[in-house]
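This report concerns only the one structure given below.
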Amino acid sequence: GGTPVAVTNPAPGESDDGGHDYFANGTKLVFSRRSAATNSHELFVTNADGSGSPLQLTASPNANEILPVTSHDDALVAYVTYVPLAPGWIEVITVLEAGTWIPRHSFQFRPPQGARRIGALAFSHNDRRLYIATREATASAASDRDRFEIFATSLDGTDPVRLTSNQWFDSQPSAIPASAAPMPVPCLVSWWPGDDHANDVAGTNHGTLNGGAGFAPGVIGSAFSFDG
């Protein structure tokens, strides 16, 4: 209820209209910005309080990066890239490591056909799958606008499962973690939760696995597994 603060400040001819999401414990914002000069969207990350200058993550003048979403553990960012080409718009889903911005997965959910179809993304409750809201020609809705259904896939696009099949506008998937993970204290310098990665989700001191270390089911999500 306080005074609104502008978190992003697009220049004339720009519009931050391609979606956004918070990560890094709510201190960072990843968003999609459209440039009228190139008529394309690119991804940026900035401080959630509006301070500092945005960091540009992508630079694809002939493509559009939109609909960024972050995983519940703040370790991953997924987004959609679309390119309008005949016989249909190519749509590619990419999953990045948050902070390092290294691509982990990239896949095309459906072959090109007609206009844009993917309308929203979300991570599952354990961040191991993606929910995809997409226009579905076989949906029983009366209008084309309402022919959206929700699917789930692995993070690499394998094992797709259709979750909805009805006449309604199923367009905004979302998931709540089954168990709330402990939140880091404000003075915490680094935090390695071990959720199938060795990233530092509180800072930038990312780790690597050595000496046979791996992952195993933990109390909440995954955990590090050591042979000693």
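Bear in mind that the values here come from a model prediction, so they are computed numbers and not experimental data. In what follows, residues are counted from 1 in the order of the sequence shown.
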Donor-acceptor pair between Asp73 and Ser71 side chains, under 3.5 angstrom: yes

Same apolar cluster (I L V M F W Y, side chains within < 4.5 Å links), Val30/Leu76: no

Within-4.5 Å side-chain heavy-atom neighbours: Lys28 and Asn47: yes

Centroid-centroid distance, Phe224 to Phe215, less than 6.0 Å: yes

Stepwise side chain to side chain donor-acceptor pair (under 3.5 Å) test for Thr27 and Asn25: CA-CA 6 Å; Thr27 64; Asn25 211 19; over 6 Å; no

Gap separating the CG atom of Asp200 from the OG1 atom of Thr100, nearest 0.5 angstrom: 11.5 Å

Glu65 versus Ser60, side-chain donor and acceptor atoms under 3.5 Å: yes

Transitive ILVMFWY side-chain link Trp89 to Leu67, under 4.5 Å: yes

Same apolar cluster (I L V M F W Y, side chains within < 4.5 Å links), Leu55/Leu43: yes

Criterion side chain to side chain contact (heavy atoms under 4.5 Å, CB included) on Val45 and Trp101, from CA distance to verdict: CA-CA 11 Å; Val45 62; Trp101 310 115; 4.2 Å; yes

Pairwise distance OH(Tyr79) to CG(Asp21) - rounded to 0.5 angstrom: 15.0 Å

Shared hydrophobic cluster for Leu57 and Val77 (ILVMFWY, side-chain gaps under 4.5 Å): yes

Distance (rounded to the nearest 0.5 Å) between Thr153 OG1 and His105 NE2: 10.0 Å

Polar side-chain atom of Asn126 near backbone of Arg128 as donor-acceptor pair, under 3.5 Å: yes

Test item: Asp49 side-chain N/O and Ser51 main-chain N/O as donor-acceptor pair under 3.5 Å: yes

Separation between CG of Asp17 and OG of Ser32, rounded to the nearest 0.5 Å: 7.0 Å

Arg33 vs Glu14, salt bridge (charged side-chain N to carboxylate O under 4.0 Å, His left out): CA-CA, chis, key distance, verdict: CA-CA 7 Å; Arg33 171 173 289 174; Glu14 296 178 339; 3.7 Å; yes

Any side-chain donor near an acceptor of the partner, Asn64 and Ser40, under 3.5 Å: no

Ring geometry between Phe151 and Phe109 (parallel below 30°, tilted from 30 to 60°, perpendicular above 60°): perpendicular

Distance-only donor-acceptor check, side chains His72 and Asp127, under 3.5 Å: yes

Separation of Asp170 CG from Glu149 CD (nearest 0.5 Å): 5.0 Å

Pair Glu91-Arg117, side chain to side chain contact (heavy atoms under 4.5 Å, CB included): steps then yes or no: CA-CA 8 Å; Glu91 294 176 303; Arg117 289 183 289 174; 3.6 Å; yes

Side-chain donor-acceptor contact under 3.5 Å, Thr58 with Glu42: yes

Stepwise side chain to side chain contact (heavy atoms under 4.5 Å, CB included) check, Tyr82 with Val92: CA-CA 6 Å; Tyr82 74 88; Val92 176; over 6 Å; no

Within-4.5 Å side-chain heavy-atom neighbours: Thr46 and Val7: yes

Ile150 vs Thr134, side chain to side chain contact (heavy atoms under 4.5 Å, CB included): CA-CA, chis, key distance, verdict: CA-CA 6 Å; Ile150 295 175; Thr134 183; over 6 Å; no

Flag, side chain of Arg34 to backbone of His41, donor-acceptor distance under 3.5 Å: no

Value rounded to 0.5 Å, distance of OG1 in Thr70 from CG in Leu121: 11.5 Å

Minimal non-hydrogen separation, Ala175 against His125, with atom names: CB-N, 3.6 Å

Pairing residues for Arg104 by the salt bridge (charged side-chain N to carboxylate O under 4.0 Å, His left out) criterion, not counting sequence neighbours: none

Donor-acceptor side-chain pairing of Ser154 and Asp159 below 3.5 angstrom: no

Set of residues satisfying ring-ring contact (aromatic ring centres under 6.0 Å, His included) with respect to Phe31, sequence neighbours excluded: Phe44

Joint hydrophobic cluster, Ile66 plus Ile118, side-chain heavy atoms closer than 4.5 Å: yes

